[in-house]
Amino acid sequence: MDRYNPQEIEKKWQKIWEKEQTFKAAEGDDNLPKNQKTPKVFLAEMFPYPSGAGLHVGHVRNFTIVDVLARFYTQQQMNVLRPFGYDTFGLPAENYAIKTGISPQSATETNINNFRKQLKRLGYAIDWSREINTSDPEYYRWTQWCFLQLYKEGLAYRKESYQWWCPVDQTVLANEQVENGHCWRCGTEVEKKKMKQWFFKITDYADELLADIDSLDWPDKIKTMQRNWIGRSEGAEIDFEVEGAGTMIKVFTTRPDTIFGATFLVLAPEHPLVSKLVTDATREKVDQYRTETLKKSEIERQENKEKTGVFTGSYAINPGTGEKMPIWVSDYVLMGYGEGAIMAVPAHDERDYEFAQKFDLPIKQVIEKPEGSTDDSECYHGEGELINSGHFNGTRTEDAREQIVSWLEGQGIGKQKVTYRMRDWLISRQRYWGCPIPIAYDEDGNEYPIPEDQLPVIIPEVEDYKPDNSGRSALAKAEDWLHFDMEVEDKKTGKKVVKHLTRETDTLDGYACSSWYLWRYVSPHDNKSAWDKNAISYWAPTDIYVGADHAVAHLLYIRFWCKFFADQGLLPFREPVKTLLYNGYINAPDGKKMSKSKGNVIDPLDVIDQGYGADTLRTYEMFIGPYDMDAAWDPKSVGGVYRFLNRCWNLVFGRVEGQSDSDDTLRLRHQTIKRVTDDIHRHNFNTAVSAMMEYVNELYKTGAEKDDLITLAKLLKPFAPHLACEMLEKLGSDDVWPVWEEKYLVSSTAELVVQVNGKLRAKIQVNVEDLEDQEKIEKLALAEKNVQNFTKNGIKKVIYVKKAKLLNLVAA
RNA sequence: GGCCGAGUGGCGGAAUUGGUAUACGCGUUCGACUUAAAAUCGAAUGGAAUCUUCCAUACGGGUUCAAGUCCCGUCUCGGCUACCA
């Protein structure tokens with residue numbers, strides 16, 4: 001008998017799959033009526049950033065989940081689309097280029113080639129004819145096209161905004177390049193700098209993005225995070241009159257019921273009205289405070305939660321009480337949320353209370369705690385009855401919210417308002433290695449979108465990848481690219497004129513490139529459109545999407561684009577992903593995160609080359625634990641899985657003819673089919689492997705029928721495809737997924753469990769038909785000596801659960 | 001501080017709807033084969049008592065004939081979020 005040699009058989013089958021293009025998806029049979037179409041499944045992992053380090057074990061877990069499902073559905077005769085792609089724009093390639101001078105284009109190509117080679121060694125069932133790469137001009141041409149569609153509808157716009165800025169490197173920094181308030185490269189403390197930036201107006205879709213979360217088959221964890229991120233809150237917008245100035249200050253509050261307790265107003269330092277509210281006496285102090293706050297890094301603001309602020313010198317009038325309310329400026333009020341101004345109710349809001357204490361401002365109770373309330377905090381923010389609130393006294397706070405808003409509305413100074421925590425999506429990146437924004441400007445700063453037929457705007461190669469001193473990316477150094485002539489419509493006359501324009505040097509956030517890639521998979525070589533209309537309606541939306549990251553960002557952006565393109569009539573669905581599987585991380589054997597610096601990284605290719613092979617690696621990563629939980633790598637357990645695969649091999653290649661089928665062998669076979677099938681449907685990959693292990697253990701004891709071996713090989717194929725193919729070849733079988741039959745699952749005898757007071761006292765073998773006869777069952781149970789011992793004083797009650805084959809006697 | 005998870009043998013974990021807790025794997029121990037080792041095969045393996053019980057699913061209560069599972073409270077760990085009015 002030959003020994004199980006993964007190196008040899010894996011190479012053999014990988015060659016065959018390569019040659020036969022085994023995993024090429026069938027083109028959609030879109031001409032057939034819906035009910036005659038082959039059922040389809042579109043599966044994908046979150047495509048990786050191909051780093052120079054190659055695949056890690058986390059990738060393998062993620063990709064193997066997709067692979068198990070893809071192969072499982074293929075064996076079930078479904079039409080499966082399982083493509084692959086690379087998310088290649090981003091900082092690592094750019095930094096590498098700055099350091100080494102090797103262009104990101106060429107470094108990316110090298111890394112992709114390495115990734116592809118490694119993926120093939122894992123035996124993934126990928127349709128290689130659909131490989132995509134976001135930095136390929138044929139791909140980002142269509143990313144730019146997507147941008148232009150959003151631009152046309154007014155959903156891509158420019159606005160002044162603050163950006164992290166390193167004064168030493170003279171460059172803009174992305175959030176992830178700011179470490180504890182300092183530049184990651186030179187360690188200088190960063191500042192905020194006001195710059196004109198591009199945004200996508202995701203807030204237009206806030207309501208729908210929130211409402212549709214309910215309908216998604218996604219993990220609750222992700223759904224909750226998205227709800228919190230969108231952060232819808234209902235409240236009121238109220239205008240406060242500034243005393244003697246004739247201006248109004250708009251405020252957002254979720255507690256309009258507490259308006260009689262509002263004793264002062266607070267404005268964010270950036271609030272545009274602040275400069276109008278200051279007096280000669282306060283101007284200097286206020287200006288100083290504003291400058292200081294702007295300089296503060298986020299870290300400082302987090303560390304130092306002590307309230308700070310200054311008085312503007314002006315007063316507003318409380319529309320309820322008619323009393324004067326001093327107007328303050330403080331950084332605990334954020335310009336980006338609500339109106340950037342609040343009415344402070346120190347008696348019933350902790351932050352306002354703290355501020356009032358510090359600056360000695362009046363505190364006025366307007367809610368009476370309900371009797372028996374155990375809440376003894378200084379400021380009560382629960383519900384209760386209103387007091388000190390004019391003619392609203394005695395009203396419940398829950399009811400008062402609406403009543404007070406309509407009362408304010410009657411005076412024209414208030415209305416219901418919904419506010420979101422989510423802001424518009426900032427997409428400008430002052431980086432070289434990203435998708436160029438297809439916009440140009442004339443000398444007056446007017447925007448001109450690049451016409452669709454002139455896309456893509458190609459990234460020019462440059463000598464030096466360092467950003468320049470203007471806060472612009474290295475793209476600004478490509479003079480020939482930067483300035484160009486284009487025929488445009490003159491903004492004033494409407495006539496066609498040729499203008500000398502300057503290109504936008506910001507590139508798009510990488511998340512823009514990944515916001516539509518799932519749709520590109522359906523027609524990756526289409527050079528007439530971003531996605532083919534027929535192909536998209538056959539394949540999309542994605543049925544199962546698997547990943548371990550991007551709970552809010554990517555997974556929210558992709559939903560936003562989907563809704564937008566659905567509104568443009570370009571997609572026939574409003575949610576891009578039906579089922580989302582969010583897999584856990586794999587940690588080092590010591591339970592800590594794997595990292596190069598700790599030297600505890602497990603390289604999946606090493607595991608293969610040690611002699612275990614890809615099948616062991618794949619099967620082990622499915623067996624390691626529930627797919628959605630973090631797990632620690634255990635080298636010893638890898639050996640256990642290898643032993644299991646060896647036993648599978650030995651059953652087939654060292655086989656002695658077994659006896660013919662008996663009831664017991666049939667039952668075992670069909671039970672195993674059912675368990676593995678159900679487990680894969682439920683994504684319980686670890687217990688699916690366990691079920692196969694139990695099957696093999698039994699076959700070792702009882703001897704295996706040929707049908708057992710065929711069944712085993714078919715069930716094993718999604719996990720260990722090379723070995724399974726070798727087994728099936730030897731057995732002369734196809735790989736069609738087996739179906740269990742109920743009739744084989746039943747047995748003529750059953751084990752009856754007898755409990756007394758819920759405790760196990762006896763197990764009795766009974767005939768299945770006797771289970772129907774409760775009297776007989778009770779008699780059999782009472783015949784047991786041990787049952788008699790515990791029921792000497794008689795029996796009070798009998799509970800018989802036929803389904804569980806369980807009898808519980810309650811002793812007197 | 002807020003929200004969301006999790007806590008079961010020496011270890012990773014199983015238990016689908018409340019119904020036999022500890023499947024499967026690792027480790028450990030013993031045995032077979034071998035000159036020997038490895039590999040392989042077989043057996044045992046929650047704890048205590050010793051032939052049949054008692055105690056065990058983080059801790060304390062509760063509901064139930066029956067709780068790892070449901071309810072209330074406490075503790076520990078992990079993740080996300082962070083002055084969002």
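Every value quoted in this text rests on a predicted model; they were computed, and no experiment measured them.
For A:Asn808, taking side-chain heavy atoms from C-beta onward, the closest of the listed nucleotides B:A43, B:A21, B:A66 is B:A66. Distances from the side chain of A:Leu760 to the nucleotides B:C24, B:A21, B:C55 place B:A21 closest. For A:Leu806, the listed nucleotide lying nearest its side chain is B:U20; candidates were B:C65, B:C83, B:U20. Picking from B:A85, B:G27, B:C3 the nucleotide with the shortest atom distance to the side chain of A:Val333 gives B:A85. Across B:U20, B:C65, B:A23, the shortest atom-to-atom separation from the side chain of A:Ile799 is found for B:C65. Of all nucleotides listed (B:A82, B:C65, B:A85), B:A85 comes nearest to the side chain of A:Asp349. Of the candidates B:U81, B:U20, B:U53, the closest approach to any side-chain atom of A:Arg421 belongs to B:U81. You'll find that the side chain of A:Phe790 is closest to B:U53, out of B:G42, B:C65, B:U53. The A:Glu694 side chain lies nearest to B:A23 when the options are B:A43, B:G19, B:A23. For A:Lys221, the side-chain atoms get nearest to B:C4 when compared with the rest of B:C55, B:C4, B:C41.
Secondary-structure annotation of RNA chain B gives the stems B:1-7 with B:75-81, B:10-12 with B:24-26, B:27-32 with B:40-45, B:46-48 with B:53-55, B:58-62 with B:70-74, with a stem taken as at least 3 successive Watson-Crick or G-U pairs whose two distances both fall under 3.5 Å.
Applying the 4.0 Å criterion to OP1 and OP2 of B:G27, one finds that A:Lys636 has every side-chain N and O outside that range. A:Arg227 has no side-chain polar atom (N or O) that falls below the 4.0 Å cut-off from OP1 or OP2 of B:G2. Between A:Asn697 and B:G25, a side-chain N or O to OP1/OP2 separation shorter than 4.0 Å is present.
Put simply, CZ on A:Phe685 is 19 Å from C1' on B:G25, counting in whole angstrom units. Nucleotide B:A38 holds its C1' atom 14 Å from the CG atom of A:Asn646, rounded to whole Å. We find that CG of A:Asn650 is positioned 10 Å from P of B:U40, with the value rounded to whole Å. For A:Met622 and B:G25, the CE to P distance is 19 Å, given to the nearest whole Å. Distance OH (A:Tyr585) to C1' (B:C80): 11 Å, rounded to an integer number of Å. For the pair A:Trp229 CH2 and B:G2 C1', the interatomic distance rounds to 16 Å; values are reported in whole Å. Look at NE2 on A:His550: it is 16 Å from C1' on B:G79, rounded to the nearest Å. A straight line from CD of A:Glu354 to P of B:C83 spans 13 Å, rounded to a whole angstrom.
Nucleotides B:C54 and B:G68, compared at atom P, are 16 Å apart to the nearest Å. As rounded to the nearest Å, B:A21 and B:C55 have C1' atoms that lie 14 Å from one another. Between the C1' atoms of B:C24 and B:G78, the separation comes to 26 Å (whole Å). Comparing the C1' positions of B:A39 and B:U45 gives an interatomic distance of 23 Å, to the nearest angstrom. Nucleotides B:U81 and B:A15 are separated by 34 Å at their C1' atoms, to the nearest Å. Comparing the P positions of B:U16 and B:U69 gives an interatomic distance of 13 Å, to the nearest angstrom. The gap from the P atom of B:U29 to that of B:C77 amounts to 35 Å, rounded to the nearest Å. Distance check on atom P: B:A23 versus B:A14 gives 13 Å, rounded to whole Å.
Between the side chain of A:Asn757 and the backbone N or O of A:Ala811 there is at least one donor-acceptor pair closer than 3.5 Å. A donor-acceptor contact shorter than 3.5 Å is absent between the side chain of A:Tyr557 and the backbone of A:Ile202. Of the possible polar contacts, one joining the A:Asn318 side chain to the A:Ala262 backbone as a donor-acceptor pair under 3.5 Å is found. In this structure a side-chain-to-backbone donor-acceptor pair under 3.5 Å is present from A:Asn600 to A:Ser595.
Counting distance only, with no hydrogens placed and no angle test, the side-chain atoms of A:Glu751 and the base atoms of B:U20 include a donor-acceptor pair under 3.5 Å.
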Would you check, one step at a time, whether the test side chain to side chain contact (heavy atoms under 4.5 Å, CB included) holds for A:Leu265 with A:Met343?
-> CA-CA 5 Å; A:Leu265 295 188; A:Met343 64 174 207; 3.8 Å; yes
Run the numbers on A:Arg675 and A:Asp679 for salt bridge (Lys or Arg N to Asp or Glu O under 4.0 Å), then give the verdict.
-> CA-CA 6 Å; A:Arg675 283 175 69 187; A:Asp679 278 346; 5.4 Å; no
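Results of the ring-ring contact (aromatic ring centres under 6.0 Å, His included) test with A:Phe264 over A:Phe355, A:Trp328, A:Tyr353 single out A:Phe355 as the only residue that passes.
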Under 3.5 Å between N/O atoms: give me all the protein pairs with nucleotides 8-18 of chain B, atom names plus distance.
residue, atom, partner, partner atom, Å
B:G12, O2', A:Ile624, O, 3.2
B:A14, OP1, A:Asn686, ND2, 3.0
B:U16, O2, A:Arg682, NH1, 3.1
B:U17, N3, A:Lys803, NZ, 3.4

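Within the 4.0 angstrom heavy-atom criterion, only backbone atoms of the sugar-phosphate kind lie near A:Ser233; the bases stay farther away. A:Arg232 comes within 4.0 angstrom of no nucleic acid atom, judged by non-hydrogen atoms across all strands. Residue-level contact check: A:Lys796 touches neither bases nor backbone, having no heavy atom under 4.0 Å from any strand. Residue A:Val801 is classed as a base contact, given a heavy-atom separation below 4.0 Å to a base.
A donor atom on one side chain and an acceptor atom on the other are not found under 3.5 Å apart for A:Tyr695 and A:Ser690. A donor and an acceptor atom, one from each side chain of A:Glu621 and A:Thr64, are nowhere located under 3.5 Å apart.
Applying the salt bridge (charged side-chain N to carboxylate O under 4.0 Å, His left out) definition to pairs two or more places apart or across chains, those involving residues 224-239 of chain A are A:Asp207-A:Arg232, A:Asp214-A:Arg227, A:Arg232-A:Glu234, A:Glu237-A:Lys250, A:Glu237-A:Lys415, A:Glu237-A:Lys417, A:Asp239-A:Lys250.
Syn is the conformation of B:G9, whose glycosidic angle sits no further than 90° from 0.
Note: A:Tyr511 and A:His550 meet the aromatic proximity criterion, with ring centroids under 6.0 Å apart. Separation of the A:Tyr642 and A:Tyr4 ring centroids falls under the 6.0 Å cut-off. Aromatic ring centres of A:Trp633 and A:Tyr620: separated by under 6.0 Å.
Each of A:Lys759 and A:Gly640 has a nearest nucleotide on RNA chain B; the 5'-most of these lies closest to A:Gly640. Looking at which nucleotide of RNA chain B each of A:Gly758 and A:Tyr700 is closest to, the 5′-most match is held by A:Tyr700.
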